[in-house]
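Keep in mind that the numbers below use all heavy atoms, side chains included, and drop hydrogens, waters and symmetry copies. First the proteins, then the strands, lettered A, B, ... as listed; each starts at 1. Predicted model, so just to flag it, every value in this text is computed and none were measured.
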2 protein chains.
Amino acid sequence: MQIKQLAQVTKVSAKTIRYYEDIGLLPEAKRGENGYRYYQQTDVSSLNFIRRCKELRMPLADIKRLVAVQSDSNAPCAEVDALIAQQLEQIRVAQYELQQLEKNLQGLADSCEHNQIKDCSILNQLHAN
Amino acid sequence: MQIKQLAQVTKVSAKTIRYYEDIGLLPEAKRGENGYRYYQQTDVSSLNFIRRCKELRMPLADIKRLVAVQSDSNAPCAEVDALIAQQLEQIRVAQYELQQLEKNLQGLADSCEHNQIKDCSILNQLHAN
DNA sequence: GCTTGACCTTCCTGTTACTGGAACCTTTAT
DNA sequence: ATAAAGGTTCCAGTAACAGGAAGGTCAAGC
């Protein structure tokens with residue numbers, strides 16, 4: 001199949017597919033005589049794997065590691081494990097930060113009495129020392 | 001005061017201060033004959049305001065709006081209000097996403113039995129259809 | 001008077017994960 | 001023959017800076 005069809009099947013844009021090839025996340029595609037890229041079923045699988053990792057908010061660099069790691073099927077899966085754990089930790093930190101943030105923003109929003117700028121309680125608090 | 005001192009007082013790097021000036025978030029600083037930027041107390045206040053907005057994860061473009069809005073002290077504070085509400089909404093959406101994400105990642109992490117790559121349950125799930 | 005070190009300046013590059021667009025080639029249908 | 005719809009490469013832009021090069025300035029010490 002050509003790149004557009006792969007894009008439709010995997011719901012990853014053709015631009016992005018080329019980009020993944022550029023950065024070495026996908027192997028170089030086979031080319032026809034016209035220079036067009038041609039893909040097979042394995043490419044669909046690769047892209048689905050990448051898409052699933054992305055849903056977990058993994059950076060492409062980490063996904064690249066996950067792909068690389070799979071070349072040696074007898075290696076221990078410690079690195080996979082570590083990447084997931086690291087990701088989980090980051091998510092938890094982010095969650096905590098967002099909680100605090102929500103409180104602060106809610107406080108500001110609640111204080112608003114829809115005045116004019118010069119009396120705006122939100123701006124006053126943002127200017128406070 | 002010179003830029004380094006402003007940086008120390010506000011805990012915003014000199015690089016970042018110049019950048020804010022570049023993009024028009026800070027007004028152009030007064031220059032000495034040597035070309036150096038010189039700052040006053042009002043600049044400290046401006047940067048503190050910006051820093052506080054940033055702690056609320058506001059994009060610089062929004063902060064720029066907040067700064068601009070304050071030039072007319074008799075205007076209603078509706079836009080301020082709206083920006084905060086919008087920010088709050090985004091934070092809540094992000095929180096929800098992170099919750100789902102945490103569940104997924106935790107599920108993956110729990111399933112790991114520290115095998116070899118070929119039996120890795122994490123990878124298996126990421127490859128699943 | 002000269003040097004050294006700590007400032008300052010501007011400008012360029014790189015970061016992340018793409019997207020948009022230009023300029024140009026190929027294939028297919030009318 | 002031509003037009004539409006695909007393909008290709010390459011360049012620029014996004015957000016919010018950080019790092020570094022190349023060079024000017026200023027105060028202190030010898």
Side-chain angles (χ1 to χ4, degrees), chain A residues 1-40 43 46-67 83 86-87 90-91 94 97 101, chain B residues 1-26 28-40 43 46-47 49-67 83 86-87 90-91 94 97 101:
Chain A
M1 69 181 95
Q2 294 184 181
I3 198 166
K4 193 174 193 197
Q5 202 187 340
L6 179 62
Q8 283 165 349
V9 173
T10 60
K11 285 166 190 163
V12 174
S13 78
K15 274 268 193 203
T16 300
I17 294 173
R18 289 194 201 95
Y19 172 69
Y20 286 168
E21 184 179 327
D22 273 0
I23 63 168
L25 182 53
L26 287 176
E28 292 195 13
K30 280 156 194 158
R31 303 289 186 125
E33 291 191 352
N34 48 16
Y36 287 17
R37 292 173 176 82
Y38 289 100
Y39 296 96
Q40 288 115 20
D43 299 302
S46 298
L47 270 172
N48 279 336
F49 178 78
I50 293 170
R51 199 172 38 65
R52 229 167 249 122
C53 291
K54 274 186 59 64
E55 285 166 5
L56 300 175
R57 299 222 183 174
M58 273 191 215
L60 294 188
D62 287 3
I63 302 179
K64 215 168 161 182
R65 286 296 311 149
L66 279 190
V67 170
L83 280 174
Q86 187 187 37
Q87 192 67 13
Q90 279 176 25
I91 299 298
E97 284 177 13
L101 205 49
Chain B
M1 69 181 96
Q2 293 185 181
I3 198 167
K4 192 172 193 196
Q5 201 188 338
L6 180 62
Q8 283 167 348
V9 172
T10 59
K11 285 165 190 164
V12 173
S13 79
K15 274 269 194 205
T16 300
I17 294 173
R18 288 194 201 96
Y19 172 70
Y20 286 168
E21 184 179 326
D22 273 359
I23 63 169
L25 182 54
L26 286 177
E28 292 194 14
K30 280 156 195 157
R31 303 289 186 125
E33 291 191 351
N34 48 16
Y36 287 17
R37 292 173 176 81
Y38 289 100
Y39 296 97
Q40 287 113 23
D43 299 303
S46 298
L47 270 173
F49 178 79
I50 293 170
R51 198 172 39 67
R52 226 164 253 123
C53 291
K54 274 186 59 63
E55 285 166 7
L56 300 175
R57 298 221 184 173
M58 274 191 214
L60 293 186
D62 286 3
I63 302 179
K64 216 167 161 181
R65 285 296 311 148
L66 279 189
V67 170
L83 279 174
Q86 187 187 37
Q87 192 65 14
Q90 280 177 23
I91 298 298
E97 284 177 14
L101 205 49

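Using a 4.0 Å heavy-atom criterion, one finds that B:I3 contacts the sugar-phosphate atoms exclusively. When heavy atoms are screened at a 4.0 angstrom cut-off, A:Y38 is found touching no nucleic acid atom at all.
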Should B:R31 and B:Y36 be marked as a side chain to side chain contact (heavy atoms under 4.5 Å, CB included) after you check the CA-CA gap, both sets of side-chain angles, and the distance that decides it? CA-CA 5 Å; B:R31 303 289 186 125; B:Y36 287 17; over 6 Å; no

### Query
Step by step, would you call B:L60 with B:Y19 a side chain to side chain contact (heavy atoms under 4.5 Å, CB included)?
CA-CA 11 Å; B:L60 293 186; B:Y19 172 70; 3.9 Å; yes

Assess the residue pair A:Q87 and A:Q90 against the criterion (side chain to side chain contact (heavy atoms under 4.5 Å, CB included)); give the C-alpha distance rounded to whole Å, side-chain angles, the decisive distance to 0.1 Å, and a yes or no. CA-CA 5 Å; A:Q87 192 67 13; A:Q90 279 176 25; 4.3 Å; yes

Could you go through nucleotides 10-13 of chain C and list every protein N or O atom that sits under 3.5 Å from one of its N or O atoms, giving the distance for each pair?
{"from": "C:dT10", "atom 1": "OP1", "to": "B:R31", "atom 2": "NH1", "distance (Å)": "3.4"}
{"from": "C:dT10", "atom 1": "OP1", "to": "B:R31", "atom 2": "NH2", "distance (Å)": "3.0"}
{"from": "C:dT10", "atom 1": "OP2", "to": "B:R37", "atom 2": "NH1", "distance (Å)": "3.2"}
{"from": "C:dT10", "atom 1": "OP2", "to": "B:R37", "atom 2": "NH2", "distance (Å)": "3.0"}

Pull out every protein N or O sitting under 3.5 Å from an N or O of nucleotides 24-26 of chain C, one pair per line with the distance.
{"from": "C:dT26", "atom 1": "O4'", "to": "A:Y36", "atom 2": "OH", "distance (Å)": "3.4"}

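In this structure, A:I17 places its CD1 atom 11 Å from P of C:dC18, rounding to the nearest Å. When the P atom of C:dA17 is taken as reference, atom CZ of A:R51 falls 17 Å away, rounded to whole Å. One atom, NZ of B:K4, and another, C1' of C:dG5, lie 12 Å apart when rounded to the nearest Å. Put simply, OH on A:Y19 is 15 Å from P on C:dG20, counting in whole angstrom units.
Between B:R37 and B:E21 there is a salt bridge, with a side-chain nitrogen of the basic residue lying less than 4.0 Å from a carboxylate oxygen of the acidic one.
Closest-nucleotide positions on DNA chain C for A:Y20 and A:E33 were compared, and the one nearer the 5' end corresponds to A:Y20.
In terms of heavy-atom proximity, A:A7 sits nearest to A:S13 at CB-C, 4.1 Å.
A nucleotide of DNA chain D counts as in contact with chain B when one of its atoms lies under 4.0 Å from a heavy atom; the first and last such, 5' to 3', are D:dA16 to D:dC26.
Residue B:L47 holds its CG atom at 5.0 Å from CD1 of B:I17, rounded to the nearest 0.5 Å. Rounding to the nearest 0.5 Å gives a distance of 14.5 Å between CG of A:D62 and CZ of A:R57. For the atom pair CE of B:M1 and OH of B:Y39, the computed distance is 10.0 Å after rounding to the nearest 0.5 Å.
Counting heavy atoms from C-beta on, the side chains of A:I50 and A:L26 come closer than 4.5 Å. Side-chain contact between B:I63 and B:L25: present, with at least one pair of heavy atoms (C-beta onward) separated by less than 4.5 Å.
Listed for the B:T16 side chain is no donor-acceptor partner under 3.5 Å among the backbone atoms of B:V12.
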